[in-house]
Amino acid sequence: MSELPKGYEPKDVEAKWYAAWIEGRCFEADPRSAKPGYSIVIPPPNVTGILHLGHVLNNALQDILARRARQKGFEVLWLPGTDHAGIATQTKVEQLIRKEEGKTRRDLGREEFLKRVWAWKEQYGDIIIGQLKRLGCSCDWSRERFTMDADYTREVQQVFVKLFEKGLIYRGLRMVNWCPVSLTALSDEEVIPKQQNGKFYTMRYEVVEEPGRYLEISTTRPETLMGDTAVAVNPLDERHQDLIGKHVWRPFPRLAIPIIADEAVDKEFGTGALKVTPAHDRIDFEIGQRHDLPIIDVLHPDGRINCPDCPDLDGIDRFKARKLAAAKLAEMGALVKEEDYSNNVGFSERADVPIEPRLSLQWFLRYPSVDRTAAAVENGEIVFRPDRWRKTFAHWMENLQDWCISRQLWWGHRIPVWYRKDKAADLQSAETLDLGDRNKGDIHVGTEPPSDPENWVQDEDSMDTWFSSWLWPFATMDEETRKKFYPTNDLVTGPDIIFFWVARMIMAGYEFMDELPFRNVYFTSIIRDLQGRKMSKQLGNSPDPLDLMDQFGADGLRFGLLRIAPVGSDVRFDESQVEEGRNFANKIYNACRFRQMASEGRALALPPLDSLPPYHLDIMAKLDALTAQLEESYGEYRFGEIAQKMHEFLWSELCDWFLEAVKGDLRNTANAAERDRTLAVFDAVMSRFLQLLHPYMPHVTEELSARMGYVPEGEFLMNQLLPAEPLLAGFDAAPAQQKAAAIYEATGRMRNLKFEYNVATRRDVTFIVKNAPSWLADESDVLALLAGAGEIRMDDAYESPKGTPVAITPVGEVYLPLEGLIDVEAEKIRLGKEIDKLSKEVIKCEAKLGNASFVDRAPAEVVEQEKARLAEWKGKLAQLGEMLEALR
RNA sequence: GCGCGAUUAGCUCAGUGGUAGAGCACAUCCUUCACACGGAUGGGGUCGCAGGUUCGAACCCUGCAUCGCGCACCA
C-alpha cells in the first residue's frame with residue numbers, strides 16, 4: 001500500500017490488471033468444477049471487424065453478467081471467438097490483392113486464393129479480439145473459436161449431411177436475390193429495402209391483331225424489356241377484357257408476345273397492364289410458371305445487359321442501359337410519358353448495391369424444428385428481453401421461406417456434395433437435386449470426400465456464413481464442456497440479427513442437441529448519434545472506442561455507456577457520458593485516497609453496531625439497501641438502473657453526506673477511537689461497494705481493493721464471493737437513519753440560509769436552534785461541520801431580534817442572527833414570497849380534503865398522508881407568519 | 001397498407017394511479033489540506049395534442065400528430 005497519486009490514471013492500471021487476471025487464469029472455465037455452471041457464448045464478431053460502440057455495449061453487458069455470476073458462486077464460461085464472414089472477408093482480401101498485385105481471385109485460382117485469405121486472417125483476424133481484451137472482457141481465451149476451425153467445420157458438414165438425409169436440404173432452380181457486385185446469391189434476410197427516387201416509364205405496345213390499337217404499360221425497368229415474354233392484365237379488368245389472348249409487339253427485339261390474364265396484376269396500379277419478365281422479377285417468374293412462358297435472361301451476373309440481338313445495349317451496365325432503353329423507346333415513339341417515382345428497391349446488405357432477382361440453381365433448406373422453436377419463445381421457455389421482440393419473432397416464424405444456403409464464394413464452408421465425374425456436367429445443371437439422386441449413387445454427400453476422389457467433382461459453392469453461425473452455441477463446445485455448460489444461460493445481441501441468428505440458433509439447438517441453446521435473450525439498444533442517426537463509417541459519426549478508452553479508460557467507457565443504455569429502445573450516444581464514467585472512477589479513487597490519508601492501516605474490524613453514530617449506521621443501512629436493490633435490478637436485467645443506483649450511492653450518499661459528516665473524526669488525531677471506528681465503517685462499506693461495482697468497472701475496483709487491502713495479497717476481487725449477510729443483519733437502524741436524515745435535511749436549509757444572506761463562505765457564523773430534540777446536543781458538532789458554522793447553540797428561550805433569518809427544519813427552528821447585515825425590507829419580501837408559495841400548497845391541499853368524494857373513496861392511508869401534510873404546512877405557515885409579524 | 005416502439009427540463013434519459021426526477025448544460029459563489037475529472041446554492045417542465053375512465057392521470061383507454069423500426073407492396 002503506497003500513497004495514491006492525486007488523480008486516477010486508468011491506462012496502466014487497466015493493462016496491469018488484465019494481464020494479472022490472465023496470468024491468474026481467472027477467466028478459464030473448468031467443466032469439472034463442483035460449482036453450478038453459468039455460460040454465455042459471445043456473438044462472434046467478424047474476423048474483418050474492428051470494435052465499434054455496438055460491440056462495446058454488447059460485450060460490456062456480457063462481461064457484467066459473467067463477472068456477476070462468478071461473484072455469485074457460479075463456474076462461468078464466457079466463450080469467445082470470431083466468424084469467418086464469407087462475403088465481407090472475401091471482398092476485403094480480393095480488394096487487397098487487386099490493389100497490391102492487380103490480380104483477381106480467378107487469376108490466382110481457388111486454392112491459392114484461399115491460402116491468401118488464411119494468411120490474412122492469421123495476420124489481422126484477431127484485431128478485434130485484442131480490442132475486446134482492452135475493454136476488460138473476461139472471456140475464456142483458451143477456448144477461442146473460429147467458425148472455420150477444423151472441429152467446427154466438421155460440425156457444419158455433419159449438420160449439412162443430416163439435414164440432407166432428412167430431405168430438408170435440396171437443390172433447385174429458383175428466383176434468388178443476386179448481388180451483382182459480390183457475384184453470389186443472398187438470403188432474403190441479407191436484402192435491405194431502401195427508398196429510391198427513379199423514373200416511372202409508360203410505354204405503348206401495338207396490338208398485333210389490331211394494328212393501330214395500343215396497350216399502355218408502365219415500368220421502372222425498361223432495360224429488361226428484351227426479356228419480356230408476355231404482357232399480363234387482371235382477368236377482371238374490363239378495360240382489357242377483349243385483349244386477352246391477343247398479342248402485342250414487343251418493340252425490341254421486335255417480337256409478338258401474348259397478352260395473358262393473371263390475378264397477380266393489380267388493376268389499380270399504373271395502366272393495369274404488366275410487362276412480364278420471368279427471368280428478372282419474382283412475381284413475373286411466378287406468372288411465367290403459371291402460363292408456361294419462356295424465360296429469357298438478359299443480364300450477365302455482374303449486372304450488364306446480355307442481349308446480342310440489341311447491340312446498342314449489349315454489355316452496357318443495367319443503370320446506363322435503363323436510360324438508353326428509355327431513349328430508344330422515345331425515339332421509336334413508344335414512350336408515352338416519364339414520371340418521377342419513388343419506390344423501394346432491395347439492396348445487398350454487404351455490397352450496398354441493388355440486388356437483381358435472378359433465376360439460378362441454389363441449395364435450399366426447409367427450416368427444421370420450427371414448431372418447437374416458435375413454441376419455446378411463445379410460451380416463455382426462452383425469455384426475450386424486452387418482451388416485445390417476441391411478437392416480431394412470431395411473425396417471422398409464421399412466414400418462413402426456405403433458406404437459400406449456397407453462396408458463390410470461395411471463402412466459406414464448401415458444400416459437401418460431390419458429383420460423379422462422368423455425369424457431373426448433367427448433375428450440376430440439373431434443375432433439382434435431392435436424396436433420390438444420392439440413392440442412385442450419382443452424387444456423394446458426406447463429411448469425407450469419396451474414397452475415389454479422382455472420379456468425383458465437388459460442388460463449387462460454399463455455404464452462407466449464417467449456416468455455420470447458427471451452430472455456435474454448441475459447435476464451439478466439446479462433449480465435456482457441453483455437459484457442464486449447454487444450454488447456455490444468457491445471450492446478449494442486437495435485435496437486428498434476430499432472424500439471421502437468434503431464430504436459427506434456436507432451431508439448430510432443438511434439432512441437433514434436442515434442447516434450447518439459451519434461456520434468456522437480451523436485446524441491446526442500437527446506438528445512434530445525437531441526431532438519431534445510426535453509427536456508420538460513411539457518416540463518420542462513429543467514435544472510435546479505442547480513442548475513448550485512451551481518453552477516459554475502459555471502465556469509464558463501460559460505465560458511461562451502460563448508464564444511459566435504456567432497456568429496449570435506442571440510445572443516443574454522447575461523449576460527455578463517457579467523461580462522466582471517467583469522473584466516477586476518479587471520484588471513487590479519491591474517496592479511497594481520503595481514507596488512506598487518515599490512516600494507512602488495513603481494513604479494521606467493525607466495533608459493536610450500537611456504539612456507532614447515526615451517520616455510520618445510516619450509510620451501512622444504505623449500502624445494504626443498495627445491495628438488495630441491485631439484486632432485484634439484475635433479476636430484471638435493468639443495467640442502466642444498476643449503474644445509476646451505484647453512482648448515486650457513491651457520489652451522493654457516501655461522498656457528499658457520509659464523508660462530509662465524518663470528516664471531523666478523521667481529522668481528529670487526538671481521538672483515535674473515533675477515527676478508527678469511522679475508518680472501520682468506511683472500509684466495510686467501501687469494500688462491499690467496490691465488489692458491487694466490479695462487474696461494471698472491473699479494473700478500478702480491482703486496483704482499489706488491492707491498494708486498500710480489502711482483498712488478501714495474491715487474490716483477486718473478481719474471484720471473491722458476494723457476502724451472504726447484510727452489514728446490519730438483524731440490527732434496527734431506523735432510529736439512527738431518522739436522525740441522520742434530520743441532520744442532513746437541516747444542513748440543506750441552513751446552507752440555503754447562508755447563501756441567501758451572502759455568508760455562504762463564512763465558517764464562523766452561529767446558528768441558534770429553538771425547540772430542538774434532546775439528542776441534537778450530541779450531533780451539533782456534525783451539524784456545524786456540515787452547515788459550515790462556527791457554533792450551533794440550542795436555546796429554547798431565544799428571542800430573535802427583528803429580522804433574524806430563520807429556517808424551519810426537522811431539528812427545530814434554526815436562526816441565523818446577523819445583526820446589521822440584514823436588510824429588513826428584503827427579508828420581508830423573501831418571507832412574503834415563501835408564505836405565498838406555501839399558502840398555495842395549503843389551499844390546494846385543503847381543497848383536496850374538502851372534496852367529499854376524495855375523502856370517501858380514496859384509500860385511508862392516502863387521506864391520512866394528505867392530512868399530515870396539511871398539518872405540517874399549516875404549522876410552518878404559522879411560524880413564517882409570526883416571523884413576518886416580528887419584522888413589522 | 002399492417003404491426004411495434006418513442007414523444008417528460010436546453011441535451012441524454014429515469015419515472016406503470018396519490019405533492020414532477022437524475023446527470024450534463026446554465027446562473028451565482030467557493031482554488032477550505034480526497035477529488036476543479038471537485039464542492040455549495042439556485043433557475044428551468046401546463047410530462048406531443050384532443051377526448052375518455054377515475055375522488056385523483058406523465059402513468060389506464062380511444063383518436064390524432066411527429067419521429068424511428070420491422071413486415072408487406074414495390075410493374
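Just so we're on the same page: letters track the sequence lines, and every chain starts at 1.
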If pairing requires Watson-Crick or G-U wobble contacts with both distances under 3.5 Å, which nucleotide is the partner of B/G43?
-> none

Mark up nucleotides 16-27 of chain B, 5' to 3', with B wherever a protein heavy atom is under 4.0 angstrom from a base atom, S wherever such an atom reaches only the sugar-phosphate, and - elsewhere.
-> --BB--SSS---

Regarding A/Glu190 and A/Ser187, is there a side-chain donor-to-acceptor distance under 3.5 Å anywhere?
-> yes

Report yes if a side-chain nitrogen or oxygen of A/Lys391 is closer than 4.0 Å to either non-bridging phosphate oxygen (OP1 or OP2) of B/C4; otherwise report no.
-> yes

Between A/Asn583 and B/G38, is there a side-chain N or O to OP1/OP2 distance below 4.0 Å?
-> yes

A/Val662, A/Asp665, A/Leu659 screened by side chain to side chain contact (heavy atoms under 4.5 Å, CB included) with A/Phe682, the one that passes | A/Leu659

Heavy atoms under 4.0 Å, any strand shown: does A/Val265 hit a base, just sugar-phosphate, or nothing?
-> base

Contact class for A/Phe200 vs. all strands (heavy atom < 4.0 Å): base, sugar-phosphate, or nothing?
-> sugar-phosphate

B/A22 to B/A40 separation - P atoms, rounded to the nearest Å | 14 Å

Where the side chain of A/Phe755 is concerned, which of B/A40, B/A34, B/C37 is the nearest nucleotide?
-> B/A40

For nucleotides B/C64 and B/A27, find the distance between their C1' atoms and express it as a whole number of Å.
-> 40 Å

Give a yes/no verdict on a cation-pi contact between A/Lys754 and A/Phe767, requiring under 6.0 Å between NZ or CZ and the six-membered ring centre and an angle within 45° of the axis.
-> no

So which nucleotide does B/A50 pair with, by the Watson-Crick or G-U wobble rule with both distances under 3.5 Å?
-> B/U62

Quickly work out the A/Leu561 CG to B/U12 C1' distance and round it to whole Å.
-> 12 Å

Winner on side-chain proximity to A/Asn752, out of B/A40, B/C74, B/G42, is B/G42

May I ask which nucleotide in the shown strands pairs with B/C24, Watson-Crick or G-U wobble, both distances under 3.5 Å?
-> B/G10

Taking CZ from A/Arg762 and C1' from B/C29, how many angstroms apart are they, rounded to a whole number?
-> 15 Å

Considering every strand shown, what is the Watson-Crick or G-U wobble mate of B/C37 when both distances are under 3.5 Å?
-> none

Quick one: salt bridge (Lys or Arg N to Asp or Glu O under 4.0 Å) pairs with a partner in residues 642-653 of chain A, sequence neighbours left out?
-> A/Lys622-A/Glu653, A/Glu641-A/Lys645

Partner of B/U32 under the Watson-Crick or G-U wobble criteria, both distances under 3.5 Å, comes out as none

Gap in Å between the two C1' atoms, one belonging to B/G70 and one to B/G10, rounded = 32 Å

Rounded to whole angstroms, how far apart are CD on A/Glu756 and C1' on B/G42?
-> 9 Å

Under the salt bridge (charged side-chain N to carboxylate O under 4.0 Å, His left out) rule, collect the residues that match up with A/Glu223, sequence neighbours excluded.
-> A/Arg221, A/Arg322

Nearest-Å distance, CD (A/Glu286) to C1' (B/C73)?
-> 14 Å

Polar side-chain atom of A/Arg751 near backbone of A/Ala760 as donor-acceptor pair, under 3.5 Å = no

Can you check the A/Gln629 CD to B/A14 C1' distance for me, whole Å?
-> 14 Å

Nearest-angstrom distance, C1' atom, B/U53 to B/G15 = 22 Å

Side chain of A/Asp656: nearest nucleotide among B/A34, B/C35, B/A40?
-> B/A40

If we ignore angles and hydrogens, is there a donor and acceptor under 3.5 Å between the side chains of A/Asn590 and A/Arg593?
-> yes

Between P of B/C13 and CZ of A/Phe573, the distance in whole Å | 12 Å

Can you tell me how far C1' in B/G3 sits from the matching atom in B/U16, rounded to whole Å?
-> 23 Å

When we call it a touch if two heavy atoms are under 4.0 Å apart, what does A/Ile283 touch: a base, just sugar-phosphate, or nothing?
-> sugar-phosphate

Could you say whether A/Ala273 or A/Gly7 is positioned toward the 5' end of RNA chain B, judged by the nucleotide with the nearest heavy atom to each?
-> A/Gly7

Per A/Met597 side chain, nearest of listed nucleotides B/A34, B/C74, B/U32 = B/A34

G-U wobble or Watson-Crick pairing nucleotide for B/C69 (cut-off 3.5 Å, both distances) | B/G3

What distance, rounded to whole Å, do you find between the two C1' atoms, one in B/G45 and one in B/U7?
-> 14 Å

Rounded to the nearest Å, what distance is computed from the CG atom of residue A/Leu704 to the P atom of nucleotide B/A34?
-> 17 Å

Partner set under salt bridge (charged side-chain N to carboxylate O under 4.0 Å, His left out) for A/Lys587, not counting sequence neighbours = none

Nearest-Å distance once atom C1' is located in both B/A25 and B/U12 | 11 Å

Indicate, with yes or no, if the rings of A/Phe639 and A/Tyr522 have centres closer together than 6.0 Å.
-> yes

Which parts of nucleotides 66-71 of chain B does protein reach within less than 4.0 Å, heavy atoms only, written one letter per nucleotide 5' to 3' as B for base, S for sugar-phosphate only and - for none?
-> --SSSS

Does the side chain of A/Ile355 come within less than 4.5 Å of A/Phe347's, by heavy atoms?
-> no

Between atom CD in A/Glu660 and atom P in B/C35, what is the gap in whole Å?
-> 11 Å

Which of these passes side-chain hydrogen bond (donor to acceptor under 3.5 Å, both in side chains) with A/Lys199: A/Asp340, A/Thr219, A/Thr220?
-> A/Asp340

Per A/Arg388 side chain, nearest of listed nucleotides B/C4, B/C37, B/C35 = B/C4

Whom does B/U16 pair with, Watson-Crick or G-U wobble, provided both distances fall under 3.5 Å?
-> none

Qualifying side-chain hydrogen bond (donor to acceptor under 3.5 Å, both in side chains) pairs, either residue in residues 271-283 of chain A, two or more places apart | A/Asn177-A/Arg282, A/Thr224-A/Lys275, A/Asp228-A/Lys275, A/Asp228-A/Thr277, A/Lys275-A/Thr277, A/His280-A/Asp297

Assert: residue with more 5' nearest nucleotide on RNA chain B, out of A/Arg751 and A/Ala591, is A/Ala591

With sugar-phosphate meaning primed atoms plus P, OP1 and OP2, does A/Cys655 contact a base, only sugar-phosphate, or nothing at under 4.0 Å between heavy atoms?
-> base

Flag the pair A/Tyr744 / A/Trp657 as yes when their ring centroid distance falls below 6.0 Å, and as no otherwise.
-> yes

Sticking with atom C1', work out how far B/A20 lies from B/A14, rounded to a whole angstrom.
-> 12 Å

